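Positions are given from 1 along the sequence. Not measured: the values here are computed from a predicted model.
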Amino acid sequence: MYDVLMTRLHEFTVVLYAFSVLLYFFDFIHHNRKANRIAFWLLAFVWVSQTVFLFFYMMKTGRFPVLTIFEGLYFYAWVLITLSIVINHLLRVDFIVFFTNILGFTIMTIHTFAPMQYHSHVMAKQLISELLLIHITMAILSYGAFSLSFVFSLLYLLQYDLLKRKKWGTRLIRLADLDKLEKSSYILAIIGVPMLLLSLILGLQWAFLKLPGMPWYDIKIVGSFILLTAYSIYLYLRTVKNLSGKKLAIWNALSFLIVLINFFLFGQLSSFHLWYS
């Protein structure tokens, strides 16, 4: 019973950590201090939880937890979280904070879902299944965000065309203004990109544990990274190059085509996604 409770608490901290990373990414791209504060407090809660777990583990074993690879991973994740909190509080370097948390999340995920650390084979198998469930859920949520982002870009292009041709009427009135449509599409892309990135981290962890002989050039994996790159370029064009308007909406629409190809075509061509999806 104690092992089950501790496992659930570890899983809960991983989920909280994921939300913290999402909010840090939103602040990193959109410069939203409210998102930064919420992300900081979520991360602080994760740090407190990890510190408590670390303390009880030390009390239980009577030594510092660095003698095995799994103990080292746990302590490494704790160090990264600690550094992230210090950097965020003292230096406020958003770029370093975000990527430190990406690394910390990866290490924590590897530690939490590694089956070798569990004495029960049933528990280890259940953890791997739950890892897969979280991976699929986050991937579908990211696809949902990209889909809504595409809808807003499509409405933008429709609104743009109506205004250019001076087609005043009911359709024009019912559509939102161009700035609002573009901003909504942009924010949804900000949500989708880190969610897809975290989903890929979890998915690769699952594949490493469940399919050790899996080819890393599998079409589904390659397609997912192409998709992540396409939407990352979209954010880069919007935030760094200050590109806006019709060209950005078209890029978003083309990126969504990769979503459809990756989901429907590459999923069928994949060597392993067919049987676990």
Side-chain angles (χ1 to χ4, degrees), residues 12-47 77 80-110 134-150 152-153 182-205 224-244 248 251-252 255-256 258-259 262:
F12 181 65
T13 57
V14 169
V15 173
L16 285 183
Y17 203 176
F19 278 113
S20 177
V21 171
L22 292 176
L23 289 170
Y24 270 125
F25 183 80
F26 186 82
D27 173 55
F28 172 64
I29 297 295
H30 204 56
H31 304 292
N32 189 301
R33 303 316 298 176
K34 183 178 180 181
N36 182 279
R37 287 194 299 271
I38 297 174
F40 175 80
W41 287 113
L42 284 175
L43 187 62
F45 182 84
V46 171
W47 181 85
L80 289 173
I81 296 171
T82 304
L83 291 175
S84 177
I85 290 176
V86 171
I87 293 171
N88 183 83
H89 186 67
L90 298 179
L91 303 180
R92 297 189 179 278
V93 184
D94 296 335
F95 182 85
I96 297 176
V97 170
F98 172 68
F99 284 99
T100 300
N101 279 308
I102 287 292
L103 180 58
F105 178 82
T106 303
I107 299 300
M108 183 183 289
T109 301
I110 292 173
I134 298 173
H135 156 66
I136 294 174
T137 301
M138 295 194 74
I140 292 176
L141 288 175
S142 70
Y143 283 9
F146 292 144
S147 299
L148 288 178
S149 179
F150 164 73
F152 281 115
S153 289
E182 185 177 54
K183 184 177 180 180
S184 299
S185 178
Y186 167 61
I187 290 176
L188 285 162
I190 291 177
I191 295 172
V193 167
M195 198 168 290
L196 178 60
L197 175 60
L198 297 181
S199 171
L200 286 173
I201 292 172
L202 296 171
L204 290 174
Q205 166 71 356
S224 296
F225 277 103
I226 292 174
L227 175 61
L228 181 64
T229 302
Y231 275 99
S232 296
I233 293 173
Y234 168 83
L235 295 181
Y236 174 80
L237 293 174
R238 176 67 169 76
T239 58
V240 179
K241 295 298 184 179
N242 294 318
L243 184 67
S244 60
L248 192 66
W251 182 273
N252 192 16
S255 298
F256 183 71
I258 303 177
V259 173
N262 194 50

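The shortest side-chain heavy-atom distance between S149 and N252 falls under the 4.5 Å cut-off. Side-chain contact between L237 and L248: present, with at least one pair of heavy atoms (C-beta onward) separated by less than 4.5 Å.
For the side-chain contact (heavy atoms from CB on, under 4.5 Å) criterion with F26, the lone passing option out of V193, N32, N36 is N32. Screening V21, T13, L23 for a side-chain contact (heavy atoms from CB on, under 4.5 Å) with L42, the sole residue that qualifies is L23.
Ring orientation note: the planes of F105 and Y17 are nearly perpendicular, at an angle over 60° on the 30°/60° scale.
Closest of all the heavy-atom pairs between A230 and W251 is O-NE1, 3.1 Å. Taking all atoms of both residues into account, the shortest heavy-atom contact from S199 to H135 is O-ND1, 2.7 Å. In terms of heavy-atom proximity, G104 sits nearest to A77 at O-CB, 4.3 Å. L22 and M195 get closest at one heavy-atom pair: CD2-N, 3.4 Å. Of all non-hydrogen atoms in A44 and I85, the two that sit nearest each other are CA-CD1, 4.0 Å. Nearest heavy atoms, L196 versus S224: CD2-O, 4.1 Å.
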Side chain to side chain contact (heavy atoms under 4.5 Å, CB included) evaluation trace for I38 with F19
CA-CA 10 Å; I38 297 174; F19 278 113; over 6 Å; no
Stepwise side chain to side chain contact (heavy atoms under 4.5 Å, CB included) test for Y231 and F256:
CA-CA 9 Å; Y231 275 99; F256 183 71; 3.7 Å; yes
Given side chain to side chain contact (heavy atoms under 4.5 Å, CB included), test M108 with V46 step by step and report yes or no.
CA-CA 11 Å; M108 183 183 289; V46 171; 3.8 Å; yes
Would I102 and L198 count as a side chain to side chain contact (heavy atoms under 4.5 Å, CB included) here? Give the steps.
CA-CA 8 Å; I102 287 292; L198 297 181; 4.1 Å; yes
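Ring centroid separation for the pair F98 and F25 comes in under the 6.0 Å cut-off.
For Y186, the side chain to side chain contact (heavy atoms under 4.5 Å, CB included) partners are I29, H30, I190, Y234, L235, R238, T239, not counting sequence neighbours. Partners of S84 according to the side chain to side chain contact (heavy atoms under 4.5 Å, CB included) rule, which considers only residues two or more places apart in sequence or in another chain, are L43, V97, T100, N101.
Under the 3.5 Å distance criterion, the side-chain polar atoms of S142 are left unmatched by any main-chain donor or acceptor of G192.
With rounding to the nearest 0.5 Å, the separation of OG in S255 from CD1 in I226 is 12.0 Å. In this structure, the separation between CZ on F45 and OG on S20 is 12.5 Å, given to the nearest 0.5 Å.
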